[in-house]
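This is a predicted model, so every value here is computed, not measured.
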Amino acid sequence: MTTPMLIGSREAELRSALDGALSAQFRRLLEECERAKGVELPQEHPLASITYFGPGSANLALAYRLTGQEAYLEELRRWLAPPLSFPHWGKANLPDHDLDAGWILHGLSLAYSWAGDALRPEEKQALEDKLLLQGQRMYEFAVEKEGGWWSSSYWQNHNWICYAGLATAGYALQEKYPEAKAWTERAKDNFALVLDSLPDDGSNNEGVVYWRYGVPWIASYLDVLRDQEGIDWFNRGTYLKETFWYRLYQAAPDMERIVDHGDCHDRRSGHPVALYYKLAAEYRIPQAQWLANKVSTEFYWREAYESGVRPGVRPEAYQELLWFDPSVEAAGPETLPPSKYFEDLGLVVGRTSWDEQAALVSFKASPGGGHKAWNQSHRQREQNGWVTLNAGHHHPDSGSFVFLGQGSFLAIDEGYSSRKLTEHHNSILVDGNGFVNEDRYHVFEELAEEFTAEILTTTLKDGWTHAVSESSAMYDRGLGVTRVRRHLVMTPGGTLVIADDLAADQPRTWTWLLQTDNAPVAISDKRWRADAGHGVMPIAALDDNPTSEIVETFVHANPTSSTPSLAISKKQHTLKRLSEPTTSARFVTVLESRRWDDTAPAAIRYDVAAGGVRVEIERDGVTETVSLGFDGDAPALGATAAIGEGFQGSTSTRR
């Protein structure tokens, strides 16, 4: 193709800004190209993933296009040679038909567009032939598998990556090879459904790490669509416009680490600088520009070396340069509300401030994939038998929470697991049982629509974060569970109050679970302390449930089947509290966020009121009072209280 994709109308403008507004991004691009020179490239297809050939080639082609320096073209030749010689792209999983092929189609198609004319005629033809072959293989697989796997998995990263790669190849080739137009049309039909199906609140059921891995490909596709056809879908639906807020509110208080609901390889992966720049540019989001700058100057290299995701964060330099808009002002999050509710995912996030030592709670309850995906996928299955929801990265964690404070992870999530279990989370077991269909990778596969959880109510005001979840429908019907209702409150001072209201139609033993990195230590009857580095979490059980134990819980995952060495094994510690067999039970628990050397627990007073409970937490002359109503209004706390449905909260200072 004669007009270089994505840069054709602004090539001179880009080049003129390389030592000005784009100097930092230009330096990143050239550094990444220098790093590429030291990468030993396989001459035979390895078992491991080869996705890195895509962005690596795109970086070198763009560097050559902008500078004209022959060294980058020579290095591009070296990077093109292996994937052009491999008979297939991808070896361990769906060769030619999955992520390896999607990544490489995208990157090599951009390289063809930007530097193809500089290659020798036989080299250019070999690249065309390989793109045509691999694109046709991908297209035929998508047609053959329509209604199943990634071809119609509208909420899944494989769909976005494979169709974005297919579309980019189609646009690069269709001027010379008209048959490639079918690829771009199919991708367009797919992404129309994707954009119409994604949740309006911008949330992502796969978790932050797969958000970081997958969502940039939606933007990549929309970028080439607008460039090649003049169709602007960046405002089709609200997902992309809202999704930065999901990512920001799932950032740990230090902004470097993450809240790890869903399949998260580690607590540090999750920063796509290029996507932050793109969202900032398209929607004029100053906080996205600010976070991109902060990550690129403070966090990037540590994440690059410690990330459990491959090919990691470094290869996207070409998009960082193309997507950065210097006209967007950068501003931190300090003026934003500290709490936010993402209704589709049933995700409630609250923090005491935007300070890096703040306390943060993230609490969620929804059906697999979130409400919109769950409902829509069941309609599609009823109408045409299609399986469109692949929620394999979504966990049986409804009603669970993650609690951070003092720069530490206090009450934790399991992160990634291959066999997902409710008992890995801060959850409730019934006679030792977790959610129905668990103990497998895809715990929501083939579940009836009735198996759903939800957030019933939220109160986010005056520094208080309050929410109520209901997840009784997630248990096997044979258990007769009628209520698993969790009332959760984080006070302005960063103390967590959790009241669980549980019921079944016959006596059951109820188990309350709390996961920590280090084993909690008993300090008195029904009180423990869990150390967590810079922080410590005093734990107080206020109810009368008689039994407790602390056990080790082991979690294993193999995120990349092609590379067993990247398998994750993790040990966490679980505080279990058990009721006697009963048709109804209540657990009331207080978790504090304290500095590592501030281990004395607060003075806590607990009263059972009509239809609810009242908890007072006093420390350093400040008393925070939480009033919860299980079946209606909460007991009144006075005119100055923050009031919500079934909740009141107040703060007083001893004079």
If we count only N and O atoms by modelled type, under 3.5 Å, do the side chains of Glu32 and Tyr318 hold a donor and an acceptor together?
no
Do NZ/NE/NH1/NH2 and the carboxylate oxygens of Lys420 and Asp263 come within less than 4.0 Å?
yes
Report the distance from atom CG of Leu198 to atom CZ of Phe191, rounding to the nearest 0.5 Å.
9.5 Å
Looking only at non-hydrogen atoms, find the nearest pair between His393 and Tyr441 and report the distance.
CE1-OH, 2.8 Å
Residues which pass side-chain hydrogen bond (donor to acceptor under 3.5 Å, both in side chains) with Lys145, listed by chain and number, not counting sequence neighbours
none
Note: Glu320-Arg28 ion pair, threshold 4.0 Å (strictly below)
yes
Taking only residues two or more places apart in sequence or in another chain, which ones pass side chain to side chain contact (heavy atoms under 4.5 Å, CB included) with Ala17?
Leu22
Pairs involving residues 64-84, ordered by first then second residue, that meet ring-ring contact (aromatic ring centres under 6.0 Å, His included) (sequence neighbours left out):
Phe53-Trp79
Rounded distance [0.5 Å steps], CG in Leu275 versus CD in Glu282
10.5 Å
Hey, can you tell me if Phe444 and Trp374 have their rings parallel, tilted or perpendicular (30° and 60° cut-offs)?
perpendicular
Cys33 and Glu75: CA distance, side-chain angles, deciding distance, side chain to side chain contact (heavy atoms under 4.5 Å, CB included) verdict
CA-CA 8 Å; Cys33 291; Glu75 185 63 17; over 6 Å; no
dist Ser307:OG -> Tyr213:OH (nearest 0.5 Å) comes out at 11.0 Å
d(Trp160 CH2, Ile218 CD1) to nearest 0.5 Å is 4.0 Å
Please confirm whether Lys340 makes a cation-pi placement over Phe342, using NZ or CZ under 6.0 Å from the six-membered ring centre and within 45° of the ring normal.
yes
Go through Val209 and Asp260 one step at a time and tell me if the side chain to side chain contact (heavy atoms under 4.5 Å, CB included) criterion holds.
CA-CA 8 Å; Val209 172; Asp260 54 351; over 6 Å; no
Could you walk me through whether Tyr239 and Asn204 pass the side chain to side chain contact (heavy atoms under 4.5 Å, CB included) test, one step at a time?
CA-CA 10 Å; Tyr239 182 79; Asn204 186 278; 3.7 Å; yes
Taken to the nearest 0.5 Å, the spacing of Ile161 CD1 from Thr51 OG1 works out to 8.5 Å
Qualifying salt bridge (charged side-chain N to carboxylate O under 4.0 Å, His left out) pairs, either residue in residues 96-113, two or more places apart
Asp96-Arg137
With Tyr163 as partner, the option from Tyr154, Trp150, Trp183, Trp217 fulfilling ring pair (Phe, Tyr, Trp, His ring centres under 6.0 Å) is Trp150
Could you tell me if Ser377 and Gln380 have a donor-acceptor pair between their side chains, going purely by distance under 3.5 Å?
no
Mind checking side-chain hydrogen bond (donor to acceptor under 3.5 Å, both in side chains) for Lys364 and listing every partner two or more places apart, or none if nothing turns up?
His394, Asp397
By side chain to side chain contact (heavy atoms under 4.5 Å, CB included), Thr238 pairs with (sequence neighbours left out) Asp200, Glu242
Before giving the answer on salt bridge (charged side-chain N to carboxylate O under 4.0 Å, His left out), spell out for Arg186 and Glu146 the whole-Å C-alpha distance, their side-chain angles and the decisive distance to 0.1 Å.
CA-CA 11 Å; Arg186 183 170 186 86; Glu146 186 171 38; 3.6 Å; yes
Is the closest side-chain donor-acceptor distance between Trp211 and Thr243 under 3.5 Å?
yes
Minimum heavy-atom distance Ala330-Asn293, with the two atoms named
CB-ND2, 4.0 Å
Counting only heavy atoms from other residues, nucleotides and ligands, does the tally under 6.0 Å from CD of Glu44 exceed 12?
no
Let me see the working for Arg65 and Glu11 under side chain to side chain contact (heavy atoms under 4.5 Å, CB included), right down to the final yes or no.
CA-CA 9 Å; Arg65 183 84 194 194; Glu11 186 171 356; 2.8 Å; yes
